[in-house]
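Letters A, B, ... are given to chains in the order of the sequence lines, protein chains preceding strands, and every chain is numbered from 1.
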Protein chains: 2
Amino acid sequence: MRKRLEPEACRAWQLLMKFYFVQRRHLPEWAARFGLSHVQCHVLHLMEPGQPLPMSHLADTLSCDASNVTGLVDRLEARGLVERRPAPADRRVKVLALTATGARLRDEMLRHMTGDPLPLSSLAPEERRALVKMLERLVGEGEER
Amino acid sequence: MRKRLEPEACRAWQLLMKFYFVQRRHLPEWAARFGLSHVQCHVLHLMEPGQPLPMSHLADTLSCDASNVTGLVDRLEARGLVERRPAPADRRVKVLALTATGARLRDEMLRHMTGDPLPLSSLAPEERRALVKMLERLVGEGEER
DNA sequence: TATTGTTATACTCTATAACTATA
DNA sequence: TATAGTTATAGAGTATAACAATA
């Protein structure tokens, strides 16, 4: 049952893993500038202003248990960034909406996303375009846009 | 104080962030096959058999507090994967070494790294090579090898 | 005095299981 | 009976601060 060795794939894997761990170290400190954890940062990133999401949608997107979302949203709500609202269609559901404060913070966060976290500047423009194309396929966004 | 907008960089940033979060979801379940958390997985990955590391080195590499490493190593040691040894040169230091069990598990883990975690197969060989080159620069391995 | 590692404490993220209220 | 969300509980990862042993 010996797998065929693919040195390039193996190397790519290791680099991606390293990339993941490098990000894993830096993303939390980046997020901390906004007083957020990296998960809270992700949640805020997912929430479009004026487009409330059911809690269950969040659990799906984050691939985590629903009980987890409860605490996550508790903390964001305690800070006044989001609010739970009843869903008229199904009274079991609660939808999550950005508050004005949350929308402002999200905006600030997105504006900072052009900047510093990764030395993207070390890539030439055409390389950056190639990277974008590959990443789109890797994260499964190839078709959607 | 308006920053110049760079659409490509911004898009790359967003994709990298998405990539990070996609990995963040999948890496733990991948690691769980070996009965490890993703951080434990990272520690094991860093430990070459026969090359013990001081605890402080681990804290540096993981960019975390030393107190954190204590607990991390406690759990790995409890499972018999690593062991603390006194360092003869400096008696304040403890070095960490893989046990035979730890070395076997690490080996198994590395063998699995060729495989499934990312749909790398969707990239053409020359794209994969280009990706490797870019990632090397992004994670700061450009010079070292 | 400074450094290595530990302990105590606290917070966030995570899951499982049992529960409520709806459907 | 099944689903959406909560609560209770537990464990892992993280940090800060105080500490012991050693340098």
Val93(B) with Met55(B), same ILVMFWY side-chain cluster at under 4.5 Å: no
Just the rounded figure in Å: distance from C1' of dT14(C) to CD of Gln40(A). 14 Å
Here the distance between atom C1' of dT7(D) and atom CG of Asp74(A), to the nearest Å, is 10 Å
Enumerate the protein-to-nucleotides 17-23 of chain C contacts in which both atoms are nitrogen or oxygen and the separation is below 3.5 Å.
{"unit_1": "dA23(C)", "atom_1": "OP1", "unit_2": "Arg91(A)", "atom_2": "N", "d": "2.9"}

Measure from NZ on Lys94(A) to C1' on dT7(D) and round the result to the nearest Å. 12 Å
Answer with base, sugar-phosphate or nothing: what part of the nucleic acid does Thr70(B) contact at a heavy-atom distance below 4.0 Å? base
Whole angstrom is fine here: how far is it from CG in Leu96(A) over to P in dA4(D)? 16 Å
Does Arg84(B) place a side-chain N or O at less than 4.0 Å from the phosphate oxygens OP1/OP2 of dT6(C)? yes
What nucleic acid atoms does Ser56(A) come within less than 4.0 Å of, heavy atoms only: base, sugar-phosphate, or nothing? sugar-phosphate
Listed by chain and number, what are the side chain to side chain donor-acceptor pair (under 3.5 Å) partners of Arg79(B), not counting sequence neighbours? none
When you measure from every atom of DNA chain D, which of residues 46-55 of chain B have a heavy atom less than 4.0 Å away? none
Identify, with sequence neighbours excluded, every residue that meets salt bridge (Lys or Arg N to Asp or Glu O under 4.0 Å) alongside Arg85(B). Glu83(B)
Comparing nearest nucleotides in DNA chain C, the 5'-proximal residue of the pair Val93(B), Gly71(A) is Val93(B)
Please determine, for the side chain of Leu72(A), which listed nucleotide (dC13(C), dT6(D), dG13(D)) has the closest atom? dC13(C)
Give the table of side-chain donor-acceptor pairs shorter than 3.5 Å for residues 96-103 of chain B, with sequence neighbours excluded, one pair per line with atom names and distance.
{"unit_1": "Thr99(B)", "atom_1": "OG1", "unit_2": "Gly80(B)", "atom_2": "O", "d": "2.6"}
{"unit_1": "Thr99(B)", "atom_1": "OG1", "unit_2": "Leu81(B)", "atom_2": "O", "d": "3.1"}
{"unit_1": "Thr99(B)", "atom_1": "OG1", "unit_2": "Thr101(B)", "atom_2": "N", "d": "3.4"}
{"unit_1": "Thr99(B)", "atom_1": "OG1", "unit_2": "Gly102(B)", "atom_2": "N", "d": "3.0"}

dT14(D) C1' sits how many Å from Arg75(A) CZ, rounded? 13 Å
Same cluster (ILVMFWY, side-chain, under 4.5 Å), Val95(B) and Leu53(B): no
How close or far is atom P of dG5(D) from atom NE2 of His57(A), stated in whole angstroms? 12 Å
Find the distance Asn68(B):CG to dG5(C):P and express it as a whole number of Å. 14 Å
From NE2 of His38(A) across to P of dT14(C) the rounded distance in Å is 7 Å
Under a 3.5 Å distance rule, please check whether Arg106(A) uses its side chain to pair with a backbone N or O of Met47(A) as donor and acceptor. yes
Could you work out, with side chain to side chain donor-acceptor pair (under 3.5 Å) as the rule, every residue matching Asp65(B), not counting sequence neighbours? Ser67(B)
Within this structure, what is the NE2-CG distance for the pair His57(B) and Asp60(B), rounded to the nearest 0.5 Å? 7.5 Å
Without swapping roles, check the side chain of Gln40(B) against the backbone of Ser37(B) for a donor-acceptor pair under 3.5 Å. yes
